[in-house]
Amino acid sequence: MPKRALSAQEPILGDEDPASPALRARAAGKRGGTGGHPGRAEADRFRQPDSILYPPPPTADQGPSDRSRDWQCECGAGWRHRPIHSRLSAQAGQRGIGGRVSDQEREARRARLEALRSEGVDPFPARVGEWLPIADLRERYEPMDAERLEAEPQSVAVVGRIMASRSFGKLMFLRIVEAGESIQVSAKKNELEEATFRFIRELDVGDFVRFEGDLWRTRTGELTVDAKSVQLLAKSLRGLPEKWHGLSDLEVRYRQRYLDLVVNEDARRIAILRSRTVSAMRRFLDARGFLEVETPILQPLYGGATARPFITRHNTYDQQLYLRIATELYLKRLVTGGLDRVYEIGHDFRNEGVSRKHNPEFTMMECYQAYADYRDIMELVESMVREIAMEVQGTHQIEYAGEKIDLSGPWPRLPLCQAIEEATGIDVLACADADSLRAAVREKKMGSGDSPTWATLVDDLFSDHVEPKLIQPVFITDHPVELSPLAKRSQEDPRLVERFEPYIAAMEVGNAFSELNDPDDQRARMEEQLQNHADGDEEAHPVDEDFLRTLEHAMPPTGGLGMGIDRLVMLLADAPNIREVILFPHLRPETS
RNA sequence: GGGCGCGUAGCUCAAUUGGCAGAGCAAGGGACUCUUAAUCCCUAGGUUGAAGGUUCGAUUCCUUCCGCGCUCACCA
């Protein structure tokens, strides 16, 4: 690697200025750490060993005795936990007199920043000298033993964020992290110019730096860069979260996700896993001849799902618009237009409550395949999930919330009404109307029977008695027509539709049907929805005349699928809450 | 939106029956050339989420509000 002069050498603080705050300051007592724990409730529900999110419960006198002290044994994660100034700190600072002194850390860092500037050092330089990724460095030099490194000096340059600093007065060890990889850096007073050693000593945990130096191995054999020169890349004015217990406050983790990512290995792991999941899905669909398209997010009329929309307004046209709740109706227009296989991955917005499984804006993949029916789509779902799991986790055997789940197909097909009968003994199809079904529900004590219609009673039975048991992958098929206004009627039973929902770990991860393409039936269903809306169901569909006109031009027989990306990632990541897989989940506004 | 729980130093957590709000880490000063939760000495750091109330006295009990979590409802 080519060497270059080090910017930090020249304009760095000189010995002649002992009064400089930056000189008087000292970076000491900062160490690397492992472990940590999350919010109590979730930790208890989803405990896993060696996990940041779900570690063993904390005890007051807990020590590291049962943990490996070798950072390499913990996948290079020894840097994970550091202290921060969170928003709480900011609040404390704004609170007035009482909070003043709690800002001492930031004030000390700011003083060092100003000292650097007064010495002519740019604390936020635009250019970074050449450097070697730490992952590459390890691959190249880890095989070399101490003797060889001494006999054949290997000069390298690395960059990263300082995660730990341990000083022995004349010897310092730092740990820096770059791209999820970490390496130790040493600084030896008797081998460095005074100014350089002082400069390194003044660095804070959280700073971004670049070091050049020769590789050596410590007595414990750890590969270490012995700094010969240093360049400050970006000065940190706020510390990182606590090194041992880490950052576990869920609110801070969600609001300041960057800190979560810096400090919690699992946050980083999930972010990467999500990205790889989406790209694997794209590759799968692309390979099957699907065309990725984009349809409007701002829509004059919403549809394609039963949900309340967000409402917004376009000023120029003085037009009320809705944020889409689904992409369905637009994608079907494209199939009608001859784009036979299309898909879209994007956000839908539903103006409803939040929960472990729901975020108001979430990522949906919808795809439509002409000349196919819902059975073809079942095969597509099986194959897709299988391939994605293999690509991102390397296996079809995953574990979610302690349950071992086998994704290798074929997945069973289980008609919804049959599933209900097996679970409750109630043959819903034998009950001709809502009243007779309600009587059966109450007789068998399988629920309150309060829902108004036959279909909603069926839905209640399914949710209460079947859904929680659907741990292994299964396709629940043939839903009541009233619950599926966009699906084609079943050939065998006009009360049902050709629809299925894949369930994994008791979570509905998708929804698919043979798409309704009969414009008259579609109009009748939409008008029925309109009546429901008038009767107070705010989630019922509006009638979309433009969509009906589309069907009148004829849409080919089509199989369609919607799949919740967030939930799929939850499964693959073994994440207990949707907020763990959304980088910036919806939260209430922060109050001052 | 309903129910339950939580909110204490920058972070992670203590505080007996209502009786002087503490510790570890982080921060500041000092010692230290093989540490990796380094160690040791010293220092500073708090409107106990907010506002009321009860009380001689409230982190503790009551009310309201704010935020978070779990859960129910709704949805994917």
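Keep in mind that the numbers below use all heavy atoms, side chains included, and drop hydrogens, waters and symmetry copies. Throughout, a chain's letter reflects where its sequence line sits, starting with A, and its residues are numbered from 1. The structure presented is a predicted model; accordingly, all values stated were derived computationally and were not measured.
Distance check on atom P: B/G22 versus B/G45 gives 13 Å, rounded to whole Å. Taking the P atoms as reference points, B/G28 lies 24 Å from B/U35, given to the whole Å. Look at the P atom in both B/C25 and B/C41: the space between them is 10 Å, to the nearest Å.
At a threshold of 4.0 angstrom between heavy atoms, the contacts of A/Lys357 include nucleobase atoms, whether or not backbone atoms are also involved. Residue contacts shown for A/Asn359 include a base, since a base heavy atom lies under 4.0 Å away. Within 4.0 Å of A/Thr220, counting heavy atoms only, lies at least one base atom of the nucleic acid. Base engagement by A/Asn190 is indicated by at least one non-hydrogen atom pair under 4.0 Å involving a base atom.
Within the structure, every side-chain polar atom (N or O) of A/Asn351 is placed at least 4.0 Å from both OP1 and OP2 of B/C74.
Looking at the side chain of A/Phe168, the nearest of the listed nucleotides B/C32, B/C68, B/A73 is B/C32. When distances are taken from the side chain of A/Ala108 to each of B/C68, B/G28, B/A76, the shortest belongs to B/G28. Out of B/U35, B/C11, B/A27, the shortest distance to the side chain of A/Gln184 is found at B/U35. For A/Glu352, counting side-chain heavy atoms from C-beta on, the closest listed nucleotide (B/U36, B/C74, B/U33) is B/C74. Of the candidate nucleotides B/G67, B/A73, B/C70, B/C70 has the atom nearest to the side chain of A/Asn577.
Between A/Lys188 atom NZ and B/C34 atom C1' there is a gap of 9 Å when expressed in whole angstrom units. At whole-Å resolution of the value, CD1 in A/Ile582 and P in B/A76 are 16 Å apart. B/G30 atom P lies 8 Å from atom CZ of A/Arg201, rounded to whole Å. When rounded to the nearest whole Å, the span between NZ of A/Lys170 and P of B/U35 equals 17 Å.
Side-chain to base pairing of A/Asp249 with B/U12: no donor and acceptor N or O lie closer than 3.5 Å to each other. Judged by distance alone with a 3.5 Å cut-off, no donor-acceptor contact links the side chain of A/Ser248 to the base of B/U12. With hydrogens and angles ignored, no donor-acceptor pair closer than 3.5 Å exists between the side chain of A/Ser186 and the base of B/U35.
Side chains of A/Pro473 and A/Ile405 form a contact here, defined as non-hydrogen atoms less than 4.5 Å apart.
Between the side-chain ring of A/Phe173 and the base of B/U35, a stacking contact exists by the 5.5 Å and 30° definition.
With a cut-off of 3.5 Å on both pairing distances, B/A58 has no Watson-Crick or G-U wobble partner at all. As the counterpart of B/A23, B/U12 is assigned, both hydrogen-bonding distances of the Watson-Crick or G-U wobble pattern falling under 3.5 Å. The partner of B/C70 is B/G3, judged by Watson-Crick or G-U wobble contacts that both fall below 3.5 Å.
Nearer to the 5' terminus of RNA chain B, by closest-nucleotide assignment, is the contact made by A/Asp464 (compared with the other of A/Pro360 and A/Asp464).
Evaluation of the ring pair (Phe, Tyr, Trp, His ring centres under 6.0 Å) rule for A/Tyr368 yields no partner, not counting sequence neighbours. Partners of A/Arg324 under the salt bridge (Lys or Arg N to Asp or Glu O under 4.0 Å) rule, at least two apart in sequence or in another chain, are A/Glu344, A/Asp348.
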Exercise. Going through the checks in order, is the side-chain contact (heavy atoms from CB on, under 4.5 Å) test met by A/Thr477 and A/Leu416?
Worked result: CA-CA 5 Å; A/Thr477 69; A/Leu416 185 144; over 6 Å; no

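Geometrically, A/Lys188 engages A/Trp216 in a cation-pi contact, judged by NZ or CZ lying under 6.0 Å from the ring centre and within 45° of the ring axis.
Side-chain atoms of A/Arg217 and A/Thr224 form no donor-acceptor pair, as typed in the model, at a separation below 3.5 Å.
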